[in-house]
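Below is one structure, written out as structure tokens, with a few remarks after it.
Chain naming here is simple, since letters A, B, ... match the order of the sequence lines and numbering starts at 1 in each.
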2 protein chains.
Amino acid sequence: MDANQLWGRRLKQARLAAGLSQKSLGITAGIDPFVASTRINRYELGVHKPDLLTASNLAKTLGVPLAFFYAEEDDMADLIYRYSKADTEAKAQVVQLLAASPGLAE
Amino acid sequence: MDANQLWGRRLKQARLAAGLSQKSLGITAGIDPFVASTRINRYELGVHKPDLLTASNLAKTLGVPLAFFYAEEDDMADLIYRYSKADTEAKAQVVQLLAASPGLAE
DNA sequence: TACAATGCTACGAATTACGTAGTATCTGAA
DNA sequence: TTCAGATACTACGTAATTCGTAGCATTGTA
């Protein structure tokens, strides 16, 4: 599976979970109604890739973090999604657990 | 800060942590040595945005998950990085902790 | 059967990134 | 000091990619 196709698969998964059509997703995300269906379809099939602003708007519409779309491993995608939905306490526990792991220096 | 600039800031952060120059990062990631510096520089400043394959190669070279570059919040970037560096046991604990949070339906 | 909704695609135009060919600045060695 | 190499950065024209237009095919349903 190529990178664009994986990206599209994650978009489609989030869209279906939200119960939206390709067209309505695009429109809600601010894409011109006359081309919304066309563009979302191409993103999902991995034919084209949207710019960051469009991707961010799609993520907001679908209630997932932008980074979710770019996860290369399924467990990473799951982590990103679940963390974003977790309550404050659970997030704090995760942060504490991972505090032992090294952060990015500099 | 615009989305491309944030992306570039994360790339730069990871590059500096790895102790590489813009040129050497690009070369190691497989970019033509004659244009590596130019391209990495434009990515870091948010002038241009690389395609997914290039971004993935940069992530591999720097030892960060691809999704790290696309995190919109700093705590999300930190989560993604630390999780990727955590040992198997710590990852399992995180997964268990977040199992209470809802996953993405469908 | 009709018709609306949905998913999908070829084509030319518009947008974006790329490669070329540099400049400016800094640091270390002679 | 001066020179050379390394580093970060940028204007310009070309090449590559996405966009908008204008559709087609299939499914469900009134």
What about [X], does its side chain sit under 3.5 Å from the base of [N] through a donor-acceptor pair?
X: B/Ser24; N: D/dA6; answer: no
X: B/Thr38; N: C/dA21; answer: yes
X: A/Arg42; N: C/dG7; answer: no

Note to self: Does anything in residues 85-103 of chain A form a salt bridge (charged side-chain N to carboxylate O under 4.0 Å, His left out)? List the pairs, not counting sequence neighbours.
What the structure shows: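 Passing the test, one end in residues 85-103 of chain A: no pairs.
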
Next item on the list: Could you tell me whether B/Lys49 atom NZ has more than 12 heavy atoms of other residues or ligands within 6.0 Å of it?
Entry: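 Yes - once you tally the heavy atoms of other residues, nucleotides and ligands closer than 6.0 Å, there are more than 12.
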
Note to self: Please check if the number of heavy atoms outside A/Gln5 that lie under 6.0 Å from its CD is greater than 12.
What the structure shows: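 More than 12 within 6.0 Å, yes.
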
Check: Think A/Arg15 has a side-chain N or O under 4.0 angstrom from the OP1 or OP2 of C/dG7?
Finding: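 For A/Arg15, the contact criterion (side-chain N or O under 4.0 Å from OP1 or OP2 of C/dG7) is met.
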
Note to self: Measuring to OP1 and OP2 of C/dG7, would you say a side-chain N or O of A/Tyr43 lies under 4.0 angstrom away?
What the structure shows: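 So the side-chain polar atoms of A/Tyr43 never come under 4.0 Å of the phosphate oxygens OP1 or OP2 of C/dG7.
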
Between [atom2] on [N] and [atom1] on [X], what's the gap in Å once rounded to a whole number?
X: B/Lys12; N: D/dT7; atom1: NZ; atom2: C1'; answer: 12 Å
X: A/Ile27; N: C/dA5; atom1: CD1; atom2: C1'; answer: 12 Å
X: B/Lys49; N: D/dT17; atom1: NZ; atom2: C1'; answer: 11 Å
X: B/Asn41; N: C/dT25; atom1: CG; atom2: C1'; answer: 14 Å
X: A/Arg39; N: C/dT9; atom1: CZ; atom2: C1'; answer: 16 Å
X: A/Asp51; N: D/dT17; atom1: CG; atom2: C1'; answer: 12 Å
X: B/Ile40; N: C/dA17; atom1: CD1; atom2: P; answer: 14 Å
X: B/Leu25; N: D/dA6; atom1: CG; atom2: P; answer: 17 Å

Notebook entry, point to check: Which angle, rounded to 10°, do you find between the first-five-pair axis and the last-five-pair axis of the helix from C/dT1-D/dA30 to C/dA30-D/dT1?
Noted result: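 Answer rounded to 10°: the end axes differ by 30°.
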
Note to self: Which nucleotide wins on minimum distance to the side chain of B/His48, given the candidates C/dA17, D/dT18, D/dT10?
What the structure shows: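 Nearest listed nucleotide: C/dA17.
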
Checklist line | Among D/dC9, D/dC19, C/dA17, the one nearest B/Gln22 by side-chain distance | finding: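 Nearest to the side-chain atoms of B/Gln22, counting from C-beta on, is D/dC9.
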
Notebook entry, point to check: Is A/Leu45 touching bases, backbone alone, or none of the nucleic acid, heavy atoms closer than 4.0 Å?
Noted result: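 A/Leu45: backbone/sugar contact only, no base atoms under 4.0 Å.
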
Checklist line | Where A/Tyr83 and B/Leu98 come nearest, the two heavy atoms and their spacing | finding: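 Minimum heavy-atom contact is N-CD1, 4.1 Å.
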
Next item on the list: Compare every heavy atom of B/Ala55 with every heavy atom of B/Trp7, then report the nearest pair and how far apart it is.
Entry: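 Taking every non-hydrogen atom into account, CZ2-CB, 4.0 Å.
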
Next item on the list: Starting at CD of B/Glu72, measure out to CZ of B/Arg10 and round the result to the nearest 0.5 Å.
Entry: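 Atom-to-atom, B/Glu72:CD and B/Arg10:CZ are 9.0 Å apart.
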
Next item on the list: State whether the side chain of A/Arg42 and the backbone N or O of A/His48 hold a donor-acceptor pair below 3.5 Å, judged by distance alone.
Entry: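 No.
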
